[in-house]
Structures are given as structure tokens and as C-alpha cells.
Amino acid sequence: MAPTRRALLGAASHALAAPAMAQGGWRPRRPVRIIVPFAPGGSTDIVARQLAGRVGNALGQPLVVENRPGGNGIIGTQALLAAPPDGHALIMGTADTHTIPAIANPRLPYDLAAFVPVTAVAGTVAALVTRMGLGATDVARLAALARRASPTLTYASYGIGSVSHVAGEMFGAAIGAEMTHVPYQGSGPAVIALTADQVDLALLPMAAVHPQRERLRVLAVASAERFGMTPGLPTLTESGVPVVAVGWIGLLAAPRTPREVADSLHAAMHEALSAEDVGHRLSTSGFSPMDYGPDRFAGFLRAETERLTPAVRAAGITADG
């Protein structure tokens, strides 16, 4: 970096928030690995790859996305723990790998609370969808149908202990209906099952639902506010069912990673997320950009664990199903 550029960054750091200041601190000495604990092609993998180039440019080293699927995130997380806590290996975690397992799996081989939050990148908005032939055209009609259905309605999720599993249980409890859970290996197969009339309904990420919206009935979003991508869709709360089911995607570092490293990594991610095309691409793909720094992300994770714990425990959701 030329001296004039360095000077400009230094001057700008006094006018901007902490992320820009932190970017002048720690710098990686070699390529940085981003471990994605899912197979290629999923929403977390897509977000990681969309951001890797810009973040690498900001850090001065390439970011390499490494897929380590399996074990509800355990395999990828253990791969991170095997690396030195120096910022050269990170994980792109989600609520499915780094929030719910802390509640549902007492036998985790690590303490999720010990990981160092770097930045929340994006929120995942869930949509309540049904198969076309079910006959429920709004949330109230679906709730009435679910309460009287015999046999019970079936709801799909993208895995045991996932946000969609917890959301389905929360929805059933809120409307006072028993429903049968049918887990799939990913949101893609769950959407296909709905379009093939193999299950009745689901709460699935908008990113997975939107491409198939002509073959499904989308009734509401499970977010606190209406989603910008689908402003005509009511929230579940507006529809009389107070259920909020949002996920998150974010970067975490290994336990004992220095704060200076986390701040510098967040600064680089902040720069990437501030680009207009990146925000637009995330929003139109069904995500809500977050850009939380280490402290705000840590508080968010604590709040999410507190919010989800009663629902997970009331439903009896465990790592074993």
C-alpha cells in the first residue's frame, strides 16, 4: 500500500466508526480460510463466495472458501479448532450450527460460547409456504385446517434441529395444532417435496422458496417486519400468529483469537457489505444484510439463544431428533 493511501486511511479512521480504524491494525500474512460447514451450493456457501473476493481485497490476502459439511456443523467447527487462533482460519456459521446446537446437543465436543464473534453478515428470512393443492389461501385458513386435520398435516424442514424445524414447532404451538415433522437434507429437497405434494407446509428460507414461488403458495414471512423483497406478504404476527423465525449467517473465529484480529476482519467485511452491488445481490437473493461488529454480534447471539431456548426445549428437540 502506498504511503499516501495509508495516510488517507489513517485520516479517515478518525471520522468513521471503529471498523475503519481497526482495518489499519492486524493484517493476515497468508491466505485466510473460510470454512463453510455445508456442501457447496447452499445459501451459506453462496454468501461466503459472494463476499470472499471483496473481503480478500480489503485484507490484502485471498480468502479461500473450504466446504466441510457434516454433523450439523461439527465437522467444520472441529476443523477450525484444529487451526491456530490467529485469524487465518474462520467459520461461516449459522443459527443451525452455532445457536441451536448449544441448546439441543449437550454432548457437543466444544463450547460454542467460547468462539469469537467477528461479524454477522446476513439474516435469513423464513417464509410460510404450503403445497398448492392444500387449499389454504391465508394463515387463518391454514391454522383452522391444521387444527381439524386427521391425519395431522405434515411440515417439512431442512434438518433435525434446524431453524426450520424449530419454526415448524413454534408455528404448531402458536395455532394449537399437532403436526408431523418430516426432515430433509437441505432446503432444496424440502422445497421439491412441497412442489411434489409429498408434504403439506414448511417454514423455509425465502432464498430457497422464491425461485419456486409459482409452484408453491407463499402465505407469510416469519420476520418481525415485512421483507423488502416481498412487501405484499404479511408477517405471521400481522396474521395473528406471533412467530418470528429468522436465521443468521456470520463469521466466527476460534476461541482465544485476539480482539484486534476480530476488529480488523470485521472492518474488511464492513467494507465489502457497504458496496451497493453486494447489498443488492444479498437482498434480491432472499437475505437481509446485517453487518454487526464483534460486540453487537456477541449480544445478538446471546439474545437468540435466550429467545430460542424455550421453543427448543418445549418441543423436545434434541440432536438425536
Side-chain angles (χ1 to χ4, degrees), residues 95-96 100 103-104 124-187 189-206 208-210 212-227 230-247 304 306-318 320-321:
D96 303 310
I100 295 174
I103 308 165
T124 58
V125 178
L128 174 64
V129 295
T130 73
R131 59 183 177 88
M132 277 292 194
L134 188 61
T137 55
D138 58 33
V139 176
R141 289 182 175 86
L142 175 61
L145 177 61
R147 284 192 288 266
R148 67 173 185 266
S150 181
T152 59
L153 296 186
T154 55
Y155 78 91
S157 80
Y158 57 80
I160 293 171
S162 65
V163 170
S164 61
H165 182 190
V166 176
E169 291 295 321
M170 292 171 68
F171 179 72
I175 64 174
E178 292 288 334
M179 300 189 299
T180 301
H181 176 220
V182 183
Y184 290 86
Q185 294 295 318
S187 54
V191 168
I192 291 171
L194 280 162
T195 61
D197 289 337
Q198 294 172 356
V199 287
D200 295 314
L201 67 134
L203 280 140
L204 295 171
M206 183 64 77
V209 168
H210 196 65
Q212 295 292 334
R213 62 192 178 280
E214 301 300 327
R215 302 175 62 193
L216 300 168
R217 197 181 300 278
V218 187
L219 302 183
V221 291
S223 49
E225 300 175 349
R226 292 197 180 198
F227 185 42
T230 54
L233 277 179
T235 67
L236 278 174
T237 300
E238 288 176 319
S239 304
V241 183
V243 170
V244 174
V246 293
E304 280 295 281
E306 292 173 5
R307 183 180 71 85
L308 291 171
T309 294
V312 172
R313 291 183 175 163
I317 294 172
T318 68
D320 300 322

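Values below: all heavy atoms of this structure, side chains included; hydrogens, waters and symmetry mates excluded.
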K.L.:
Looking at L233, V129, T124, which hits side-chain contact (heavy atoms from CB on, under 4.5 Å) with M206?
P.N.:
L233
K.L.:
Using the six-membered ring wherever Trp is involved, compare the ring planes of H165 and Y155 and label them parallel, tilted or perpendicular (cut-offs 30° and 60°).
P.N.:
tilted
K.L.:
Check step by step if side-chain contact (heavy atoms from CB on, under 4.5 Å) holds for L236 and L128.
P.N.:
CA-CA 8 Å; L236 278 174; L128 174 64; 3.7 Å; yes
K.L.:
Kindly check if the number of other-residue, nucleotide or ligand heavy atoms within 6.0 Å of CZ (R141) is above 12?
P.N.:
no
K.L.:
Taking the side chain as every heavy atom from C-beta outward, state whether I192 and Y184 have any atom pair closer than 4.5 Å.
P.N.:
no
K.L.:
Decide yes or no for L194 and V209: does some side-chain heavy atom of the first lie under 4.5 Å from some side-chain heavy atom of the second?
P.N.:
no
K.L.:
Quick one: closest heavy-atom pair of G247 and A95, and the distance?
P.N.:
CA-CB, 4.3 Å
K.L.:
I need the minimum non-hydrogen distance between V218 and A127, along with the two atoms involved.
P.N.:
CG1-CB, 4.1 Å
K.L.:
T237 and T235: side-chain donor and acceptor closer than 3.5 Å?
P.N.:
no
K.L.:
Between S223 (side chain) and E225 (backbone), is there a donor-acceptor pair under 3.5 Å?
P.N.:
yes
K.L.:
Please find the pair of heavy atoms, one from V241 and one from A174, that lie closest to each other, and give the distance.
P.N.:
CG1-CB, 3.6 Å
K.L.:
Quick one: pull up CG in L203 and OG in S164 and give me the separation to the nearest 0.5 Å.
P.N.:
8.0 Å
K.L.:
Under the side-chain contact (heavy atoms from CB on, under 4.5 Å) rule, what do I175 and R147 come out as? Steps first, then yes or no, please.
P.N.:
CA-CA 8 Å; I175 64 174; R147 284 192 288 266; 3.9 Å; yes
K.L.:
Can T180 and T152 be counted as having a side-chain donor-acceptor contact under 3.5 angstrom?
P.N.:
yes
K.L.:
Determine, step by step, whether I103 and R313 satisfy the side-chain contact (heavy atoms from CB on, under 4.5 Å) criterion, reporting the C-alpha distance in whole Å, the side-chain angles of both residues, the deciding distance to 0.1 Å, and the verdict.
P.N.:
CA-CA 8 Å; I103 308 165; R313 291 183 175 163; 4.1 Å; yes
K.L.:
Rounded to the nearest 0.5 Å, what separation is found between the NE2 atom of H181 and the CD1 atom of I160?
P.N.:
6.5 Å
K.L.:
Please give me the minimum heavy-atom distance between Y158 and S187, naming the atom from each residue.
P.N.:
CB-N, 3.2 Å
K.L.:
Which pair of heavy atoms, one from V191 and one from A208, lies closest together, and at what distance?
P.N.:
CG2-O, 3.9 Å
K.L.:
Which pair of heavy atoms, one from M170 and one from V243, lies closest together, and at what distance?
P.N.:
O-CG2, 3.8 Å
K.L.:
Could you measure the distance from the CZ atom of R131 to the CG atom of D197? Nearest 0.5 Å is fine.
P.N.:
5.0 Å
K.L.:
Nearest 0.5 Å, please: how far is NE2 in H210 from OG1 in T230?
P.N.:
8.0 Å
K.L.:
Please round to the nearest 0.5 Å and tell me the distance separating atom CZ of R217 and atom OG1 of T137.
P.N.:
6.5 Å
K.L.:
If we ignore angles and hydrogens, is there a donor and acceptor under 3.5 Å between the side chains of S162 and D96?
P.N.:
no
K.L.:
Taking G159's backbone N and O only, do any of them form a donor-acceptor pair with S157's side chain (distance below 3.5 Å, no angle check)?
P.N.:
yes
K.L.:
Just verifying a value: how many Å separate L201 CG and T154 OG1, rounded to the nearest 0.5 Å?
P.N.:
7.0 Å
K.L.:
Sub-3.5 Å donor-acceptor pair from the side chain of R307 to the main-chain atoms of E304, do we have one?
P.N.:
no
K.L.:
If the threshold is 4.0 Å, N to carboxylate O, is there a salt bridge linking E238 and R226?
P.N.:
yes
K.L.:
Run the side-chain contact (heavy atoms from CB on, under 4.5 Å) check on D200 and L142 step by step: do they pass?
P.N.:
CA-CA 10 Å; D200 295 314; L142 175 61; over 6 Å; no
